[in-house]
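Notes to accompany the following structure.
A quick note: this is a predicted structure, and the numbers were derived from the prediction, not measured.
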Amino acid sequence: MKNLTIALTGNPNCGKSTVFNELTGLRQHVGNWPGKTVEKKEGSFKFKDVDFEVVDLPGTYSLTAYSQEEKIARDFIIEKQPDAVVSIVDAANLERNLYLTLQVLELGVPVILALNMMDQADRNQLKIDEAKLSTALGVPVVPMVAREGKGFDELKAALIGVAESGVAKKEVGSYTPALTAALGELTAVVNKDAELVKKFNPNWLATKLLEEDADILEKIGNKNVALLSKAGELRDSLSKDSEFTVETQLAEGRYGFIHGVVQSVLKKPAHKPETTSDKIDKVVTNRWLGIPIFLIMMWIVFKLTTDIAGNYLDWVDGVIGGPLTNWVTAIIGWISLDGSWFESLVVDGIIAGVGGVMVFVPVMMSLYLALAVLEDSGYMARAAFVMDRLMRALGLHGKSFMPMIVGFGCTVPAIYATRTLENDRDRILTGLLVPFMSCGARLPVYVLFASIFFPANASGVIFGLYVLGIVIAILLGLALKNTVFKTEEQSAFVMELPPYRMPTLKSLWASTWERTSHFVRKAWTLIMVTSIIIWALLAIPVTGEGSFADAPVDDSAFAAVSGVIAPIYNPAGFGSWEASGSIITGFVAKEVVVSTMAQAYDIEEAEEEAEPTTFLEDLLGIVTSFFTATWDAIRSIPLIVGIDVFEGEEEEEPIDLMAAVEQNFEESSGGRGKLASLGFMVFTLLYTPCMVAVAAARQEFGNKWMWVSVIGQFALAWVAAVAIFQIGSLF
């Protein structure tokens, strides 16, 4: 049985991720590139007794290695030498997409051209002669509609054929005689170095040396003086004979070749038809309507997240705190460990800690689903486009808004996403603003407190917090632009707006499940470890007469440590040791704020002893309560537009954690729990991000900017929380 490695390349929005997901299904895993922290996706599939390993390379427009993504894609192809590369192009934008394909062909690897989105090309009345295109490029061409599952059998068959037949030797590019001669001369010098020939395609290396590619020059070093000298000599000669740089001459040669190929294989309509996407964009990207529409879209997302998915919070909490806890307790009793510290560890530590976060999985899942709909439909690219004017006021451009959009999911990949920006100034400034975007990990905190203190307008409060993060980022950006990062230079913003598409259920589920499963895995690793540590600190008595795992939480080591810093938050109205302790552990991960509270509040003492139930009764209760939650969610749909068709029905009592938090905040704030809770949510929004995000910031921007971010955000969060409580108290 053969094992073949293939790589997927393509421009952003060409459907590369759809092809990857369709090929690999659930046989995927995510890791980091060796020596780098940029995420990579790998998967596998089997076809005709051949095992394929698939690597999804970062989406990029070229392989010139200006950005980290371009370096990663190029280095993987050069160093790992995959058996084949699938270059995925948008058939409706053939000429622009073929530039990357041409650069891949220059590397001398076996290539298959996947003509994706053929349905869109048909709607645009574009006719592509696939046989002519295959002859012109010297590679197999496979027409596809990936989102509908069309063309995959042909693609798999072509992969086997190309991997077995080897590299196509067809020359690509249309250079001037002088440039062609210089390339031939330099290639001959490269061929004399056996070590270089083993590592690089000689013709491609000659091209990179003439371009004076900094990354390649660094890889070669100063060992081959004759080669570098010859490259410099030829480069100077070519520059003298032309008004353009050698890099520009090479790019013109590639585009000239592509233009000639497209002219011969593509038939366009006499008049370009106005597409549905064009009509929608006249409204969505309007300079006056664009930003209000973006805010309305975000408001709808949070209404759906809180008003509909929020109905499942009680159901998950009931399952975890009821049947699951009862089953675990029964098993522990069966092995004669009931009443021991082990039972306390499992029930009060792991189940209470991890379960406190798992309660919010339905909310997280609905948020990820909503974002997936916006991304797959093509709207998110428009969001970056309409925000370009606003970002330019900060001395940035719309491209900087993309990491911020990523930040709504998680701050860590958002920080790494700044690598797509070309200069250090833009990267650092964007990196300092990204943490103010409310990541998904903060959402459980918002939902908990908004549901307790602002039940009638929870979605509005949460939406306001997301908007507040954006506003503060804008104000801070303006301040930094006119002081620390003052400059007159602004780089150009180029972004492709993909056509609007109806998202498929399969792609939506793949995206939602990937993000949700990451959240769940995090809950069962990082959060569980943190919960066990917190349980241990809560189990160790430092005052009173209790023993290990059998003492009031107020007498615990965790309460003592948290109590030391609690006075800092007294001016903000949440100076209890429980709230202070959750802020400390929130540095590990923002989700841990909720799990810490679930452990710190002595909820069990207030619970009444429940009647014993059988296993089947528990299962029946889980099913019936799920349908009850679903019915409540359906009833909530009219409320999104402010219509209550079920007036007069009684509201359910809050879950135990909510009741404990409400009582604690009312007591610590002197009866001003709403103000204190609002300050706590704003503090959670603004204060130092999780330790993984801090580590990412250190790696990307250095120690100096990491500490600026850590200290600056904490100070800003404290001032904002205190201002909310103190000024609000005056009224």
Side-chain angles (χ1 to χ4, degrees), residues 404 407-408 410-412 414-415 429 431-450 453 461-480 562 564-594 596-597 661 665 668-669 672-698 705-729:
M404 294 184 181
F408 286 125
C410 180
T411 304
V412 177
I415 289 174
L429 179 53
L432 290 175
L433 302 182
V434 157
F436 293 104
M437 304 300 107
S438 285
C439 66
R442 293 181 173 103
L443 185 58
V445 182
Y446 299 163
V447 172
L448 177 66
F449 279 85
F453 295 97
V461 171
I462 295 171
F463 175 69
L465 288 166
Y466 277 77
V467 173
L468 178 63
I470 296 172
V471 170
I472 289 177
I474 290 171
L475 296 176
L476 184 61
L478 285 170
L480 292 173
S562 302
V564 172
I565 67 163
I568 298 175
Y569 303 106
N570 279 332
F574 47 87
S576 67
W577 70 262
E578 294 94 342
S580 302
S582 67
I583 289 172
I584 297 172
T585 58
F587 177 68
V588 177
K590 291 297 177 282
E591 306 98 315
V592 179
V593 171
V594 175
T596 300
M597 288 182 170
V661 170
F665 268 68
S668 63
S669 64
R672 290 165 288 180
K674 281 192 175 183
L675 278 177
S677 70
L678 187 60
F680 189 87
M681 286 187 284
V682 171
F683 188 91
T684 303
L685 162 67
L686 300 178
Y687 91 106
T688 309
C690 67
M691 62 182 182
V692 180
V694 171
R698 178 180 178 275
W705 294 111
M706 179 201 74
W707 285 113
V708 167
S709 177
V710 168
I711 297 173
Q713 282 191 246
F714 187 89
L716 178 61
W718 186 86
V719 170
V722 170
I724 288 170
F725 187 74
Q726 295 298 332
I727 295 174
S729 296

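When the side chain to side chain contact (heavy atoms under 4.5 Å, CB included) test is applied to Leu480, the partners found at least two apart in sequence or on another chain are Leu429, Leu432, Leu476, Val484, Phe485. Checked against side-chain hydrogen bond (donor to acceptor under 3.5 Å, both in side chains), Ser580 has no partners two or more places apart in sequence or in another chain. Partners of Ser709 according to the side-chain hydrogen bond (donor to acceptor under 3.5 Å, both in side chains) rule, which considers only residues two or more places apart in sequence or in another chain, are Gln713. Applying the side-chain hydrogen bond (donor to acceptor under 3.5 Å, both in side chains) rule to Ser438 yields the partners Tyr446; only residues at least two apart in sequence or on another chain are considered.
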Worksheet item: Hey, mind stepping through Phe680 and Ser669 against side-chain contact (heavy atoms from CB on, under 4.5 Å) and telling me if it holds?
Response: CA-CA 11 Å; Phe680 189 87; Ser669 64; over 6 Å; no

Worksheet item: Given the rule in the side-chain contact (heavy atoms from CB on, under 4.5 Å) test, do Leu443 and Ile462 qualify, once you have shown the distances and angles that lead to the verdict?
Response: CA-CA 8 Å; Leu443 185 58; Ile462 295 171; 4.0 Å; yes

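The six-membered or imidazole ring of Tyr466 lies away from that of Phe436, with a centre-to-centre distance of 6.0 Å or more.
The two residues Ser582 and Thr596 have their closest heavy-atom pair at CA-CG2, 3.7 Å.
If you take CD1 on Ile470 and CG on Leu433, they are separated by 12.0 Å, rounding to the nearest 0.5 Å. Note: Asn570 CG to Ser576 OG = 9.0 Å, rounded to the nearest 0.5 Å. Rounded to the nearest 0.5 angstrom, Leu465 CG and Thr684 OG1 are separated by 9.0 Å.
Aromatic ring orientation, Phe574 versus Phe683: perpendicular (interplanar angle above 60°, classes split at 30° and 60°).
With Arg442 contributing its side chain and Met437 its backbone, the two residues share a donor-acceptor pair below 3.5 Å. Between the side chain of Tyr687 and the backbone N or O of Ile583 there is at least one donor-acceptor pair closer than 3.5 Å. Side chain of Arg672 to backbone of Phe725: no donor-acceptor contact under 3.5 angstrom is found.
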Hey, can you pull the donor-acceptor pairs under 3.5 Å for the side chains in residues 688-698, sequence neighbours left out?
unit_1 : atom_1 : unit_2 : atom_2 : d
Thr688 : OG1    : Val710 : O      : 3.0
Arg698 : NE     : Asn703 : OD1    : 2.9

Check: residues 715-722 side-chain donor-acceptor pairs under 3.5 Å, at least two apart:
unit_1 : atom_1 : unit_2 : atom_2 : d
Trp718 : NE1    : Ile568 : O      : 2.9

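With contacts defined as side-chain heavy-atom distances shorter than 4.5 Å, the pair Leu678/Met681 qualifies.
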